[in-house]
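Structure first, then comments.
Just so we're clear, the structure is a prediction, and the values are computed from it rather than from any experiment. In the text below, chain A, chain B and the rest are named by the order of the sequence lines, each starting its count at 1.
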Amino acid sequence: MNHWLFKSEPSSFSFQMLKAKGKPGQEWDGVRNYAARNNMRAMTVGDLCFFYHSQSGLDIVGIVRVIAPAHAERGSDDPRWECVDVRAETAMPQPVTLAAIKDNRKLAEMALVKNSRLSVQPVSHAEWVEVCRMGGLAPAPASKE
DNA sequence: GCCAACGTTGGC
DNA sequence: GCCAACGTTGGC
């Protein structure tokens, strides 16, 4: 089980919109960055990921589950770009703000802080547990190795 | 709305 | 294969 973080502007695609898609979920399409794509390639079905709202919100609002491994993006004629499918798993009882993450010394190494431009990022196990705790999810869901 | 950071593109 | 130009992202 690995952990990741997806970023999205809620005005174009929010956690609520993913939630509305229900069990079939949604392709995480539109990624045009190799590092982000490579992170999606490294995902396996069942991985749990944070959903972060950029631009407005600036907080981690929920958890999503990977339900299909990376595949060519439907509707793209450029074979370089791949995406996984995800569905909403659970909302954070208490959204975890970027400000709170920056204030937490345990989270100083998070890509969200260090490389804010990366739209799909890895999250370490320790970071996962800490953010879940801050968000009112304890014990962290499926944090078993 | 501004601006810094950074990734991609394309000419050489 | 380098690097300047350019476009995009995202926090403030």
Side-chain angles (χ1 to χ4, degrees), chain A residues 1-22 24-45 47-138 140-143:
Chain A
M1 162 77 59
N2 287 306
H3 296 297
W4 312 90
L5 180 147
F6 287 102
K7 245 187 322 197
S8 181
E9 295 183 35
S11 59
S12 54
F13 191 72
S14 67
F15 183 71
Q16 288 74 18
M17 291 181 211
L18 181 60
K19 213 172 164 184
K21 298 278 181 183
Q26 169 78 29
E27 277 190 327
W28 197 267
D29 56 12
V31 169
R32 294 294 179 268
N33 170 286
Y34 291 108
R37 183 207 57 188
N38 292 344
N39 286 332
M40 288 199 285
R41 281 183 175 172
M43 294 178 184
T44 57
V45 170
D47 280 357
L48 293 175
C49 325
F50 292 128
F51 193 120
Y52 175 77
H53 280 166
S54 62
Q55 304 285 5
S56 78
L58 305 187
D59 50 4
I60 291 171
V61 292
I63 290 173
V64 306
R65 179 181 295 272
V66 177
I67 57 171
H71 55 81
E73 204 177 86
R74 288 183 274 278
S76 169
D77 49 2
D78 190 334
R80 289 178 299 169
W81 303 121
E82 299 175 18
C83 58
V84 296
D85 293 0
V86 296
R87 69 166 147 80
E89 189 72 13
T90 182
M92 304 303 274
Q94 178 112 31
V96 179
T97 66
L98 179 63
I101 288 167
K102 285 184 169 175
D103 279 347
N104 188 330
R105 296 174 66 189
K106 291 181 192 170
L107 303 177
E109 296 301 313
M110 275 189 85
L112 197 63
V113 177
K114 288 233 154 164
N115 182 6
S116 64
R117 301 259 329 253
L118 186 58
S119 64
V120 181
Q121 357 178 311
V123 173
S124 74
H125 179 71
E127 290 162 353
W128 179 263
V129 170
E130 179 64 7
V131 172
C132 285
R133 188 192 62 74
M134 293 166 76
L137 290 173
S143 60

Considering residues at least two apart in sequence or located in another chain, which fulfil the side chain to side chain contact (heavy atoms under 4.5 Å, CB included) criterion with A:Thr44?
A:Asp47
Test of understanding: with side chain to side chain contact (heavy atoms under 4.5 Å, CB included), list the residues that count as partners of A:Asn115, not counting sequence neighbours.
A:Arg117, A:Leu118
Can you build the contact string for nucleotides 7-12 of chain C? Use B for base contact, S for sugar-phosphate-only contact, and - for no protein heavy atom under 4.0 Å.
BBBBBS
Partners of A:Arg32 by side chain to side chain contact (heavy atoms under 4.5 Å, CB included), sequence neighbours excluded?
A:Glu73, A:Ser76, A:Trp81
Would you give me the side-chain donor-acceptor pairs under 3.5 Å for residues 98-105 of chain A, sequence neighbours excluded?
residue, atom, partner, partner atom, Å
A:Asn104, OD1, A:Lys106, N, 2.9
A:Asn104, ND2, A:Glu130, OE2, 2.7

Rounded interatomic separation in angstrom, taking NZ from A:Lys114 and P from B:dC6
12 Å
Residue set satisfying side chain to side chain contact (heavy atoms under 4.5 Å, CB included) with A:Ser11, at least two apart, ordered chain then number -> A:Glu9
